[in-house]
There are 2 protein chains.
Amino acid sequence: MEDQFIKAAGLIGDATRAAIMWTLLDGRAFTATELSIAANTSPQNISMHLAKLLEANLLCVEKQGRHKYYRFSSREVAYVVEAMANLIPKPEIFSQKKNENYPPVKYCRTCYDHLAGKIGVALADSLLKQKIIIENGNTFEISTEGEKWFSDFGINLEEAQKQKRIFLKPCLDWSERRYHISGSIGTLLLNKMLEQDWIRRTANSRAIIITGKGEKEMLKSFKIVV
Amino acid sequence: MEDQFIKAAGLIGDATRAAIMWTLLDGRAFTATELSIAANTSPQNISMHLAKLLEANLLCVEKQGRHKYYRFSSREVAYVVEAMANLIPKPEIFSQKKNENYPPVKYCRTCYDHLAGKIGVALADSLLKQKIIIENGNTFEISTEGEKWFSDFGINLEEAQKQKRIFLKPCLDWSERRYHISGSIGTLLLNKMLEQDWIRRTANSRAIIITGKGEKEMLKSFKIVV
DNA sequence: AGAATACTTCATTCTATATTTAACTATGAA
DNA sequence: TTCATAGTTAAATATAGAATGAAGTATTCT
């Protein structure tokens, strides 16, 4: 028990491997080469480290042609990295601005592969309030009206249900400490919003930005003032 | 941002320091010597490592005579260690037993310094159900009837309120993924139950066991079947 | 006061393992 | 079919930083 804990801690503890984990935190899958660039080291070295992380089951790979895509093997791994990221004192981006003007872009984070942060939580709240999803014990379920809503939003629920991974699941966000939506539905919502340019990923950070269009549309669809 | 993350990961990543964190996970404060025994290394070495953990604000100390008591500096630190502990595959203690007989002791864990695990969650549920505590946004509050209940249970609320630390706060348990009670009230409840021999700490593990007396009393006070 | 305990500091030694160098396989592009 | 790209493996090297040894301070016990 203890030795397994120490082993896991040591695996994440190395600087290069920590850089890998940090990069993977935004939920996307990265190739070995991309990770070597992100971690600022050689391909051979990254390959060695990835092998160790795979061996320990912290990551998993998917081969596509000559590329290999690495991602967290489980939600639990992402939690560890998130919890660690939360040790870092927050920069308080908003408090710097003293005037009432909304900043042009606002930040949220992607947690593993679904929306988290303030937006993710507000989104979950809104869907619950509108009875599009309903809480049932420990899980979220989609109501009959909700099914129509998702279809209007351009999300094919049948398709989502076919996927192996959990369909709809509350997931705790570390910064807000409240549940937001994860599972395949969470990913689909995130992708749809990216597709429609409501939100954009940033190049080298885990933050995503909300566009002007997104601001308007979110107010309209979710009654969220971002 | 990234370098701070890597630094934090590296701090926990060393074997000796990981052993320290693992030991501290049960919420008690330990002296340097105790930690050196737990981590199986020399006092000088543990001193060096503790200095690093202090410097990085992961731990804090309290001096009492010639002893120094070390503990996690914040809840966030405990979360990291808990999340890591959750990477370890669970032994499935119950599934080994095929018959319907309850095992003589049942395990729960102490999270930082309050009750967690199945018991902690069930306890929180029960207190909520009995309206002893009530949910209010993100916090728990004690109702008027609740005040009487706590006093009957032998917990002095005035005393608890005097303490600096947060009085009553929901805290997410990693294994159950539901809120249980933390804060000074959580600690007081835990201590009271230890005192009355409802539960006992085990020597070298983070598990605590429920006594026969505890089983009966919990059913009576909290309507929990353990 | 003197001895024992708890803990720290610093200079030195040591060692685990990260990185590099070099050579290799597999896939895709020209 | 040749070249370039993506990734791996293995042996050699380098080095950060963990552990040790020796000597110190502060506190408590008798």
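Just so you know, these numbers come straight off a predicted model, no measurement behind them. Just so we're on the same page: letters track the sequence lines, and every chain starts at 1.
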Exercise for review: Rounded to the nearest angstrom, tell me the gap between atom CD1 in B:I20 and atom C1' in C:dC7.
Suggested key: 14 Å
Review point. Quick one: is D:dT27 close enough that its OP1 or OP2 comes under 4.0 Å of any side-chain N or O from B:K68?
Key: no
Check your understanding: Could you state the CG-C1' distance from A:N40 to C:dA18, rounded to the nearest angstrom?
Key -> 14 Å
Point to revise | Enclosure of A:D152 CG (heavy-atom neighbours >12, cutoff 6.0 Å) | key: yes
Exercise for review: Answer yes or no: does a side-chain N or O of A:T41 lie under 4.0 Å from OP1 or OP2 of C:dA18?
Suggested key: no
**Study point:** Whole-Å gap separating P (C:dT17) and NZ (A:K52)
**Key:** 7 Å
Practice item. Answer whether the closest heavy-atom distance between the side chains of B:Y70 and B:I20 falls below 4.5 Å. Key: no
**Study point:** Of A:P43, A:S42, A:S47, the residue whose pairing with A:N45 passes side-chain contact (heavy atoms from CB on, under 4.5 Å)
**Key:** A:S42
Review point. Please give, in whole Å, the distance from D:dG17 P to A:D14 CG?
Key: 11 Å
Check your understanding: Counting just side-chain N and O atoms, does A:N45 come under 4.0 Å of either OP1 or OP2 of C:dT19?
Key -> yes
Check your understanding: With side chains defined as the heavy atoms from C-beta onward, is the minimum distance between A:V61 and A:Y69 less than 4.5 Å?
Key -> no
Exercise for review: May I have the distance from B:L11 (atom CG) to D:dA16 (atom C1'), rounded to whole angstrom?
Suggested key: 14 Å
Check your understanding: Is any side-chain N or O of B:R66 closer than 4.0 Å to OP1 or OP2 of C:dA4?
Key -> no
**Study point:** Contact nearer the 5' end of DNA chain C, comparing A:A15 with B:L50
**Key:** B:L50
Check your understanding: Taking for each residue the nucleotide of DNA chain C bearing the nearest heavy atom, is the 5' side occupied by A:H49 or by B:Q44?
Key -> B:Q44
Point to revise | Separation of atom NE2 in A:H67 from atom P in D:dT5, rounded to whole Å | key: 12 Å
Review point. Is there a side-chain contact between A:V81 and A:F72, using heavy atoms and a 4.5 Å cut-off?
Key: yes
Point to revise | A:K63, nearest nucleotide to its side chain (from C:dT9, C:dA26, C:dT20) | key: C:dA26
Check your understanding: Whole-Å distance between D:dA16 P and B:M48 CE?
Key -> 16 Å
Review point. So, is B:S47 near the phosphate of C:dT9, with a side-chain N or O under 4.0 Å from OP1 or OP2?
Key: no
Review point. Just how far, in rounded Å, is C1' of C:dT17 from CD1 of A:I46?
Key: 15 Å
